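Just below is one structure, and these are the notes that go with it.
As the structure lists them, so they are numbered: ligands from 1, and atoms in each ligand from 1. If you're wondering where the values come from, they're calculated on a predicted model, not measured in any experiment. Computed over heavy atoms, backbone and side chain alike; hydrogens, waters and symmetry mates excluded.
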Amino acid sequence: MQDLFDINDPDDVWPETLGSGTTWIHGFLVAQAGQVMADIARVVAQAPYRHLSTPGGKRMSVAMSNCGTQGWVSDRAGYRYQTTDPHTAKPWPAMPPGLRALAQQAAKDSGYDGFEPGVCLINHYAPGARMGLHQDRDENNLTAPIVSFSLGLPATFIWGGWQRTGTTRRIMLRHGDAVVWGGEDRLRFHGVAPLKDGEHALTGRARINLTFRQIN
Ligand code: MD3
Ligand code: FE
C-alpha cells in the first residue's frame, strides 16, 4: 500500500500565511488530538460547558468553559476575565501543561517566541452554533498573539478587517488546525458561520475551539 493520504502523518502539517501577523498551521495537532481531547474532558468535568449571556441578555449559541489563571465570562455586567468560575464559584481548573506547551510551540513556529499563555477559552459548537463578527479586546496585552486550535467538525471562519464593515475572507478551519493571530492582525473583526451538522470520530456532532491567551 502506498500513496494513501495519512492524516496522522506529520508531513501533512503545513503553514500558510494569512496576514503579516497570522499563520495557519494546517494539521498542527492532528497527531496529539486524542491527548488534547482527554485534557479538555478533565477540564470540563470540573468547569462544565455553559451558555453565557451577552450584556444585552441574549443566550450565546456557543457553550464555553475555561482553564488557567482566569477565564473569560459574559453576563449582564459585560465581558471580562475573572479568576473564579461563576458556575461553581471555584477557581478555574489549571491549564494542562501539555496543552500549554503545544500552544507555545505553535506560537514559536509562527515567529512568536516567548508566548506565555495564562488562560484558555474552550468553545463548544453544536450544529447551528455560531459566533457573530467581533474583536477580541478584553485582554490587557494586545501585543501577544492568540493561538487557536480547532477540533472535530469543520467550520467556516470569517476574517474581516479593522472595522465591522468591509470585505471579509472565509476559510474552512478543520480538525487539527492551529492558527496564530497576532501583530497587526490582532484586532481584526472575525466570526464563525453556523456549524453544519456532521459526525466526527473524536468529538461526535461538535466542534471544539481552544484559544490560548496572554492577557497581561
Ligand atoms: C482573529 N473564537 O473565542 S478562533 C473567540 O472558532 C473566537 O471559536 C473563534 O473568536 C472560534 O474569541 C475563532 C480564531 C481567532 C481567535 C482570536 C482572534 C481569530 C482571531 C483575534 C484576532 C483576529
Ligand atoms: Fe474572537
Check your understanding: So, does Phe189 sit close enough to ligand 1 that a heavy atom of it is under 4.0 Å from the ligand?
Key -> no
Check your understanding: Non-hydrogen atoms of Tyr125 versus ligand 1: any pair closer than 4.0 Å?
Key ->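 A heavy atom of Tyr125 does come that close to ligand 1.
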Review point. Do Phe189 and Trp162 have ring centres separated by under 6.0 Å?
Key: no
Point to revise | Check: Phe212 ring centroid to Phe149 ring centroid under 6.0 Å | key: yes
Point to revise | Identified side-chain contact (heavy atoms from CB on, under 4.5 Å) partner of Trp72 from the options Val119, Leu52, Thr211 | key: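 Going through the options one by one, the only one that passes is Leu52.
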Check your understanding: Parallel, tilted or perpendicular: which describes the rings of Trp181 and Trp159, with under 30° parallel and over 60° perpendicular?
Key ->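 Tilted, since the angle between the ring planes falls between 30° and 60°.
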Review point. Mind checking whether His124 and Tyr49 have parallel, tilted or perpendicular rings, split at 30° and 60°?
Key: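 Tilted.
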Compute the shortest N/O to N/O distance between [X] and ligand 1 and return yes if it is under 3.5 Å, no if not.
X: Asp185; result: no
X: Asp136; result: yes
X: His134; result: yes
X: Trp181; result: no
X: Arg186; result: no

Only heavy atoms of [X], strictly under 4.0 Å: list the atoms of ligand 1 that pass.
X: Ser148; result: 4 (S), 14 (C)
X: Leu121; result: 3 (O)
X: Val192; result: 6 (O), 9 (C), 11 (C)

Review point. Taking the N/O/S atoms of Asp136 one by one, which is nearest to the Fe ion (ligand 2)?
Key: OD1
Review point. In His134, the N, O or S atom nearest to the Fe ion (ligand 2) is which?
Key: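 Considering only N, O and S atoms, His134 comes nearest to the Fe ion (ligand 2) through NE2.
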Exercise for review: Please report the C-alpha distance between Asp136 and His190 in whole Å, then the side-chain angles of each, then the deciding distance to 0.1 Å, and finally whether the side chain to side chain donor-acceptor pair (under 3.5 Å) criterion is met.
Suggested key: CA-CA 9 Å; Asp136 288 21; His190 58 279; 3.1 Å; yes
Identity and separation of the nearest protein heavy atom to [atom]:
atom: atom 3 (O) of ligand 1; value: Asn123 ND2, 3.0 Å
atom: atom 21 (C) of ligand 1; value: His190 CE1, 3.5 Å
atom: atom 4 (S) of ligand 1; value: Asn209 OD1, 3.4 Å
atom: atom 13 (C) of ligand 1; value: Phe157 CE1, 3.6 Å

Less than 3.5 Å apart, any donor N or O on the side chain of [X] or [Y] sitting next to an acceptor on the other?
X: Asp109; Y: Gln105; value: yes
X: Trp92; Y: Thr83; value: no
X: Ser150; Y: Arg207; value: yes
X: His175; Y: Asp177; value: no

Review point. Which of these, Gln135, Arg137, Arg207, Met131, has its nearest heavy atom closest to atom 6 (O) of ligand 1?
Key: Arg207
Review point. Which bit of Arg213 is near ligand 1, meaning a heavy atom under 4.0 Å away: side chain, backbone, both or neither?
Key: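 It is the side chain that touches ligand 1; the backbone stays farther off.
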**Study point:** Transitive ILVMFWY side-chain link Leu151 to Phe28, under 4.5 Å
**Key:** yes
